[in-house]
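Note: hydrogens, waters and symmetry copies are ignored here, and every other heavy atom, side chains too, is used. A, B, ... follow the sequence lines: proteins, then strands. Residue 1 opens every chain.
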Amino acid sequence: MAEARDKQSPQAAPSSTGYDPSVIEPKWQRYWEENKTFRAVRHPGRPKKYILDMFPYPSGAGLHVGHPEGYTATDIVARFERMRGTDVLHPMGWDAFGLPAEQHAIRTGTHPRTTTLKNIETFRRQLKMLGFSYDWDREIDTTDPGYVRWTQWIFLKLFEKGLAFQQSDMPVNWCPALGTVLANDEVTPDGRSEVGGFPVEKLKIRQWSLKITAYADRLLEGLEGLDWPETKAKQAHWIGRSEGATVDFEVKGHPGEKITVFTTRVDTLPGATYVVLAPEHPLALKIATPEHQAEVKKYADEASAKSDVVRSDVTRAKTGVPTGAFAINPVNGDEIPVWVGDYVIGSYGTGAVMAVPAHDERDHAFAVKYGLPIVRVVAKPDGTEVDVSKAAYCDDGVANEEAVRRSKAPIEKGMPSDRVRRVVTDWLASQGKGSARVTYRLRDWVFSRQRYWGEPIPIYFPVTTDQDPRKPGAKYTIHYDQPIPVDEKELPLLLPDLDDFKPGNDPAGPLARALDWRFFQKDGKWYARETNTMPQWAGSCWYYLRFLDPKNDKEPWSQEAYDAWMPVDLYVGGSEHAVLHLLYARFWHKVLFDLGLVKHEEPFQKLVHQGLILGEVEHIVFHEAIAVPGARAKREESGWVDAETGKRLFERRMRSSDLEERNGVFYLREADVPVLTTNDGEHFAFYAAGDTLVSAERAKERDDGSWEDTKTKKTLVPRKVTEADITKRGSVFVLSASPEIQVLSQAFKMSKSRGNVVNPDALIKSHGADALRLYEMFMGPLEAVKPWQTSGIEGVRRFLDRVWNVCTANVTDDPAAYDIETQRLVHKTVKKVTEDIQALRFNTAISAMMILVKHLGGLPKVPIQAARTLVLILSPFAPHIGEELWQRLHGVVGDAKMTLAYEPWPTFDPALVKDDVIEIGVQVNGKARASIQIPADADEETAKAAALENAKIKEMTAGKTIKKVIYVKGRILNLIVA
RNA sequence: GCCGAAGUGGCGGAAUGGUAGACGCAGCGGAUUCAAAAUCCGCCGGGAUCACUCCCGUGAGGGUUCGAGUCCCUCCUUCGGUACCA
């Protein structure tokens, strides 16, 4: 660990050259700031580019190396485009509402605004240190009243259109002990809070929702024309459109009641042998016969107590109970039993399914378990019957004899499934017993949070009371069914100041306690404000529009500003936002489009996700773990140690469900050793490394970050080893000392707890911002996941040193020094870099510049034209050294007012890019045997003649006839001989 | 399970179907130096060979082609997303 940490904070690399980033970088950052070099200005008649980064949440931890990756990519494009005469809008801001600041406030009492402003300060400083060419005059902060005002304004538009509405029975995970609503993944499978292990209840509360489902089809269709990566498929999947039909089943003995099911396989309706209702289905209890009532009730109660995580575990055996009731299959009049089962999801489709065990896996498993009939109605496409005794046949096929016999709809034997679906759907429609129907997986967007640090929802409600509702103990009724929008002129509706940010014991959230804010009087009547706030996504749904016109206090943006810059031409950000942010923003944009406020259906033309940067590769061996009683664990600065032996200990947070409780003490099951239980009710197990090593192919990381032996299921303790201790054997690394032990070589996600986080500040200090930018772009393709290598940044720093040398010492303006070979290489490099930037292939652009610099370094004198061109094409990547060298190459040193930011981008001469004489490979029978030098435009005869003069080729073809010649100009000559 | 992406030296990675391994890191050798660091030059997939050179080699197996890392089929592995979605 200690070695690793040393490696991550390298000492300043001493430089033998005059290149000192710590001097020139602040100098140019100051210059750009003072001169507002990158102010976005629109010139009539010029092309424009809106180049956008996903704006960050300003966390307390500051910038990590993942931020500069995407930001450098867009900055290179922005700087490149400016030099090509394009008007560029390249803004930055802060997505500053969010949970961490609020949690910090709860712990420390510091107001979230204070924390947020401080964090923004840090982020802004760090971004400026990296030399990004943002128009800082357009900086926005989603928590700023001038911004909140318009977020609320858009909410009111949604409300007016009926797209923002309240639902009163939204189930949430409510933890009374923590006084907060929890997300599904904050709840353990046994229904306790992940933090603290307190009981969690399902509580139905009133929530605001946005009707995103009304836009499902348009959100799906809109994806088609976009230049987006695999994200399109993710969104399509998330929307989850599926075409099918609804079918109504009458319930025997309950006239007027019907069970409506949704199915995509209505062709299998004749084979439906029972119906299953979700446990929460309203009919479940209603139709259950008296003798089954109690059982159904019990089953439904148990199901609602289970956490969503447990219910959605596919591997769990299917369960269900019969209701005793029967439904009538509309296609044949059969009476089939109605069951209740929790494999049916209440919130999808209609919450009820028709079960066709012969042709659906889940129904098959259920039918086998409960002895329900299995009826085949689909045969293979060739007409042969399928065997469904072991498993269901789920593919399409053709209708069989049975399907015809059991159907009143005009199905014919041998009719393909898709045709049967149409026939049955039409027949059902004609009988009034069903219809074609499209269902979506997409749910409406729950838009309220029971939190403080968010935009207040600008809605209030009438209050019935004869007292002052702000007085303790006052009785009143809030009429939530009569929401009233806040008048636009009163926006922004700001948050009240609080001292205590705890959620409290009221699910309405902390704002409910701000009584003076919550209740107000108008025309002698009392009203109550909405105490829920908007989710963190709200501000990011439209920030790209505010950047157009960030200081406008008359409207969210002007149409002139919109016309000048929209749509966004390039949008770069992490793929973690592939679905939620990007779907929500598209949704709002479409609503704004319908309101006539924006002119494009889609906001983001081209989208790119930068790949995650992982920590440095670690080599790990595993030891068998020896559990140590919790009482012996002692906390020291470096971590936990065994108070008795002084050995280093590994901690593992345990769930109470994984432990055994005896007399109030929790014991580890695997070793019968007591764990450490904290006052908060958290349990920690401790392990020391045993002497026995376990080969890495048996080690598997658990969800909690600990390691498990897949064979024995016992815990393993990891230990880092160095590269010197390991050897490659076949495709794996093994311990040199004991080759039977495999070593795990892996790069892990950077995390504080793993201690592999790389700090950009330290790297800027040691190597310079230009080196950091360059290295992050040189690591590999922008979209790839890449491991960090601190030694790699030293490599690009050496490159920058060479650039400095080449451009400062020994430069000549003697035209004779600019030899043709150098000219050719310069032009080739310009071509390569130009094309690579446009395709976002920054790694290969940099490698091309490295080749040029190497060549220039070998010249007796460096021609100034070559040096200037190099500086221009390098400057988008490494702008500080670019500006400084540009100045020096014009004989200016110091503070002269000149910048290369708008210098024309170098062009290349196609004639110089093409070589006159080239080397091509010569193959004999498809195998490379030699290479020859020939004129680039040589014809086949010339090439063949040249090849046959080559001694090697002469020998290979001696005494054989050349049957065929394949010649690809400039590429290859292949001689087929026999 | 389904959807998507990817498997190339010790490592990060290059290669419009045309001489696989550009560029960088690490390593090795040399120059420079009293010495070291830094810098510069060279070598650097595996095997055979004194050498010239030859053979093998892009996760595995098949195929298309004069020619396949690249295209097609089957499979394996890794990563990301997602799931009793009827």
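Taking the six-membered ring where the residue is Trp, F366(A) and Y343(A) present tilted rings, their angle falling between 30° and 60°. Using a 30° and 60° split on the angle between ring planes, Y393(A) and H359(A) fall in the perpendicular class, above 60°.
Rounded to whole Å, the distance from NZ on K786(A) to P on A5(B) is 18 Å. I793(A) has its CD1 atom 18 Å from the P atom of G12(B), to the nearest Å. Between the CZ atom of R241(A) and the P atom of A83(B) there is a distance of 20 Å, given to the nearest Å. If you take CZ of R443(A) and P of U82(B), they are 16 Å apart, rounded to a whole angstrom. The interatomic distance linking D395(A) (CG) with C2(B) (P) rounds to 12 Å, in whole Å. Rounded to whole Å, atom P of U16(B) lies 18 Å from atom NZ of K914(A). Spacing between atom CG of N974(A) and atom C1' of C66(B) amounts to 5 Å, rounded to whole angstrom units. In this structure, the CD atom of E776(A) is 14 Å from the P atom of G13(B), given to the nearest Å.
Applying the 6.0 Å contact sphere to CD of E361(A) captures no more than 12 heavy atoms from other residues, nucleotides or ligands.
For the 3.5 Å distance criterion, the side chains of D248(A) and T260(A) qualify, holding a donor opposite an acceptor. Using a 3.5 Å distance cut-off with no hydrogens or angles, the side chains of D217(A) and Y440(A) do pair a donor with an acceptor. Under the 3.5 Å distance criterion, with hydrogens and angles disregarded, no donor-acceptor pair is assigned to the side chains of S242(A) and T439(A). Counting only N and O atoms by type, the side chains of Y19(A) and T808(A) include no donor and acceptor under 3.5 Å apart.
In terms of position on RNA chain B, the residue among K964(A) and T264(A) whose nearest nucleotide sits closer to the 5' end is K964(A).
Atom NZ of K749(A) and atom CG of L614(A) lie 9.0 Å apart (nearest 0.5 Å). Taking CG of D836(A) as the start and CG of L840(A) as the end, the distance is 10.0 Å to the nearest 0.5 Å. How far NE2 of H577(A) is from NE2 of H609(A): 10.0 Å, rounded to the nearest 0.5 Å.
Comparing A86(B), C66(B), A15(B) by their nearest atom to the side chain of I966(A) picks out C66(B). Relative to the side chain of K728(A), the nucleotides C85(B), U16(B), G10(B) differ in distance, and G10(B) lies closest. For Y343(A), taking side-chain heavy atoms from C-beta onward, the closest of the listed nucleotides C84(B), C85(B), G67(B) is C84(B). For Y348(A), counting side-chain heavy atoms from C-beta on, the closest listed nucleotide (A86(B), G81(B), U19(B)) is A86(B). With G18(B), A83(B), G80(B) as the choices, the nucleotide that has an atom nearest any side-chain atom of V968(A) turns out to be G18(B).
Helical stems in RNA chain B, defined as runs of 3 or more consecutive Watson-Crick or G-U wobble pairs with donor-acceptor distances under 3.5 Å: B:1-7 with B:76-82, B:10-12 with B:23-25, B:27-31 with B:39-43, B:45-48 with B:53-56, B:59-63 with B:71-75.
Contact annotation for P229(A): no contact, since no heavy-atom pair falls under 4.0 Å across all strands. Residue contacts for T439(A): at a heavy-atom cut-off of 4.0 Å it reaches no nucleic acid atom on any strand shown. As judged by a 4.0 angstrom heavy-atom cut-off over every strand, I976(A) is placed among residues touching the sugar-phosphate backbone only. Counting non-hydrogen atoms under 4.0 angstrom, N843(A) reaches the backbone sugars and phosphates but no base. Nucleic acid contact class of E361(A) (heavy atoms, under 4.0 Å, all strands): none. As judged by a 4.0 angstrom heavy-atom cut-off over every strand, Q923(A) is placed among the base-contacting residues. V785(A) comes within contact range of the sugar-phosphate backbone alone, with a heavy-atom separation under 4.0 Å but no base atom that close.
Under the 4.0 Å criterion applied to side-chain N and carboxylate O atoms, D939(A) and K969(A) are not assigned as salt-bridge partners.
The P atoms of C40(B) and C25(B) are separated by 10 Å, rounded to the nearest whole Å. When the C1' atom is used for both G12(B) and A6(B), the distance is 15 Å, rounded to whole Å. Rounded to the nearest Å, the gap between the C1' atom of C85(B) and that of C71(B) is 36 Å. Distance noted for atom P between G18(B) and C72(B): 15 Å (whole Å). Across the P atoms, G63(B) and G27(B) are found 44 Å apart, a figure rounded to whole Å. Only the P atoms considered, A20(B) is 31 Å distant from G29(B), to the nearest whole Å. A gap of 31 Å separates the C1' atoms of U53(B) and A60(B), to the nearest Å. When the P atom is used for both A15(B) and A22(B), the distance is 12 Å, rounded to whole Å.
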Worksheet item: How does protein contact run along nucleotides 51-61 of chain B, one letter per nucleotide 5' to 3', with B for base contact, S for sugar-phosphate only, - for none, heavy atoms under 4.0 Å?
Response: --SSSS-----
Dump the pairs, protein N or O against N or O of nucleotides 23-30 of chain B, anything under 3.5 Å, distances to one decimal.
from	atom 1	to	atom 2	distance (Å)
C25(B)	OP1	R798(A)	NE	3.0
C25(B)	OP1	R798(A)	NH2	2.9
C25(B)	O2'	S791(A)	OG	2.6
A26(B)	OP2	R798(A)	NH2	3.3

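Shown here for I336(A) and F249(A), the closest heavy-atom pair between the two residues is CD1-CE2, 3.8 Å.
Counting only distance, with no hydrogens or angles, the side chain of R265(A) and the backbone of C394(A) share a donor-acceptor pair below 3.5 Å.
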